[in-house]
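The next block holds one structure in the form of structure tokens; read it before the comments.
In listed order, ligands and their atoms are each counted from 1. The structure displayed is predicted, hence computed values, not measured ones. Basis for what follows: all heavy atoms, side chains included, without hydrogens, waters or symmetry-related copies.
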Amino acid sequence: MKVLIVGAGGREHALAWKISQSPRVQQVFVAPGNAGTAGDAINVPIADTDKPALIQFAQENKIELVVVGPEAPLVDGLVDDMEAVGIRVFGPSKVAAELEGSKVFCKNLLHTADIPTASYQTFRSGDEASRYIKDRYSEPSDPVHVVVKADGLAAGKGVIVCSTRSEALEAIDRIASRREFGAAGNELIIEEKLIGQEASVLAITDGETIVTLPAAQDHKPAFDGDTGPNTGGMGAYCPTPIIDEEMMSRIEADVLVPVVHAMKRSRKPFKGVLYAGLMLTAAGPKVLEFNVRFGDPECQPLLMRLKTDLVDILEATVDGRLSELPSLEWDERPSICVVMASEGYPGSYEKGREITGLAKADEIENVKVFHAGTQLDDGRVVTHGGRVLGVTALGNSISNAKLQAYTAVKEIRWPGAWCRKDISDKALN
Ligand code: AMP
Ligand code: GLY
């Protein structure tokens with residue numbers, strides 16, 4: 001069969017790499033893809049938000065399965081529009097994608113379904129939100145323990161963790177007045193700051209059956225020791241020992257099952273990847289957010305370990321027969337993904353710097369270099385984004401996987417390249 005993957009990041013390269021290994025697949029296309037997907041699949045120069053062009057391509061090329069990687073086209077209803085013309089597509093509908101597209105919708109659903117999450121208030125204006133903070137804290141330097149969030153999609157940047165009254169007021173101003181995140185700031189949330197370790201639990205569901213994947217841990221802050229500004233994710237590893245079997249059962253029972261039921265009850269049945277961002281607090285696991293797609297970079301170490309044919313899983317989800325799918329098979333070995341980034345990221349950065357050493361890095365045993373922000377330029381691979389590569393490795397232990405990944409990182413060079421040096425250390429502590 002022919003498969004089309006929509007997106008251009010590290011997640012999409014991992015999907016293309018894994019899907020092209022399926023004996024049932026003849027051709028994999030990626031729209032628009034990157035320099036890495038050009039090696040493992042065929043790139044199609046269509047933007048991931050260009051719905052008419054994506055639909056036309058899928059029809060003309062008799063694509064039998066479309067996999068939508070990023071959140072923006074999901075929230076924009078690409079799945080609905082494709083299904084309306086009879087294209088088989090993996091991912092949630094527009095209304096179901098609201099779980100990620102609107103934090104207000106998500107928090108209200110969690111509240112109604114009695115799913116553990118931080119206590120919160122929603123606001124329709126910056127003034128209302130500022131008044132709420134001012135009524136509770138009087139001095140600018142008063143310590144506060146709140147997180148201010150823009151309602152809509154903001155590439156992971158619309159969440160501001162605050163420690164003082166002035167920081168909270170500044171965050172409200174950035175979201176509601178200065179409109180740093182555009183229309184995403186039409187509504188705001190102020191919620192309680194939770195303390196604990198974070199983990200990502202991803203599950204695949206057809207709206208009835210839930211198949212949980214091994215837990216992973218992302219590293220959102222830019223620098224070592226979880227310092228610096230938040231990013232899209234600087235690395236991940238899987239499985240994480242901070243979620244044992246008992247904790248996983250609790251997360252399934254208290255979070256995943258009730259969410260899938262609540263979505264069904266509210267006539268927004270969810271099918272696709274349900275990604276719970278969790279804080280493991282002293283009072284148990286609490287939901288920070290939901291994503292409606294594979295995490296990036298979590299997808300890379302997850303797929304590195306998956307032995308089952310991914311196409312079987314995706315098709316069973318689309319066809320609503322996940323309950324018939326045999327248990328998933330995983331490589332016993334843990335995996336880690338180290339993100340190499342452009343100088344300046346997550347702030348502004350230059351593009352077009354030539355990357356060398358990729359072939360040598362890929363030759364290292366149990367290593368796969370997934371491309372994220374790269375592009376082909378006259379046969380050269382050049383940087384084209386903030387997060388450039390996801391160097392991913394398997395190992396007999398987490399420390400061994402870490403050693404393999406960083407050995408490969410050392411082979412790769414471009415001016416200004418950098419990465420965190422402590423990916424997976426939380427597992428070793
Ligand atoms: P989100 O996009 O909602 O996952 O938020 C991005 C990051 O902000 C999370 O990965 C956490 O590190 C942090 N964060 C979000 N909500 C909270 C909260 N209630 N308490 C503490 N940290 C939070
Ligand atoms: N790794 C976080 C995300 O995909 O949103």
Side-chain angles (χ1 to χ4, degrees), residues 7 9-12 14-15 69-72 74-75 97 99-107 110-111 116-122 144-163 167-168 171 175 181 184 188-202 213 215-222 226-238 240 272-283 285-303 337-339 341 346 370 372 386-387 390 420 423 426:
R11 164 186 46 218
E12 287 75 27
L15 288 166
E71 60 275 22
L74 292 168
V75 170
L99 208 49
E100 176 167 0
S102 166
K103 291 190 189 291
V104 171
F105 170 80
C106 176
K107 291 296 286 193
L110 291 170
H111 179 71
T117 188
S119 58
Y120 70 105
Q121 296 278 329
T122 62
V144 303
H145 298 284
V146 299
V147 182
V148 181
K149 300 185 173 185
D151 173 54
L153 292 183
K157 292 171 191 150
V159 172
I160 304 158
V161 181
C162 308
S163 306
E167 279 174 21
I175 295 171
F181 313 103
L188 294 92
I189 290 175
I190 298 180
E191 69 177 37
E192 161 205 12
K193 188 196 289 184
L194 299 173
I195 311 287
Q197 283 250 40
E198 282 185 60
S200 311
V201 173
L202 282 73
L213 313 184
Q217 204 171 23
D218 190 7
H219 295 66
K220 290 215 173 125
D226 280 346
T227 55
N230 259 344
T231 68
M234 294 302 297
Y237 69 97
C238 160
T240 173
V273 176
L274 186 59
Y275 162 143
L278 301 163
M279 187 75 91
L280 306 181
T281 74
K286 294 193 181 187
V287 175
L288 290 173
E289 63 161 350
F290 274 108
N291 294 323
V292 298
R293 47 164 177 91
F294 282 106
D296 189 344
E298 291 94 327
C299 184
Q300 291 84 314
L302 270 168
L303 293 189
C337 169
V338 176
V339 170
F370 292 115
R387 293 191 293 166
R420 272 182 68 158
I423 302 303
K426 287 181 208 176

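Checked for salt-bridge contact, R293 and E100 meet the test: a charged N lies under 4.0 Å from a carboxylate O. Of the charged side-chain nitrogens involved, at least one lies within less than 4.0 Å of a carboxylate oxygen, so that R420 and D226 count as a salt-bridged pair. Look at E289 and K220 and you find a salt bridge, because one of the NZ, NE, NH1 or NH2 atoms lies within 4.0 Å of a carboxylate O, short of that distance.
Two residues are said to be in side-chain contact when any heavy atoms from C-beta on lie closer than 4.5 Å; P70 and E12 meet this criterion. Residues T122 and K107 have side chains not in contact (no heavy-atom distance under 4.5 Å, counting atoms from C-beta outward).
Between the side chain of H219 and the main chain of G235, a donor-acceptor pair closer than 3.5 Å is present.
Among all heavy-atom pairs drawn from G158 and I175, the shortest one is O-CD1, 4.1 Å. Considering every non-hydrogen atom in both K193 and V161, the closest pair reads CE-CG1, 3.4 Å.
Relative orientation of the Y120 and H111 rings is perpendicular, given thresholds of 30° and 60° on the angle between their planes.
Ordered by chain and residue number, the residues placing a heavy atom less than 4.0 Å from ligand 2 are D218, K220, G232, Y275, N291, R293, G295, D296, P297, E298. For ligand 1, the protein residues placed under 4.0 Å by at least one non-hydrogen atom are K103, A118, V147, K149, V159, E191, E192, K193, L194, E198, K220, N230, M279, L288, E289.
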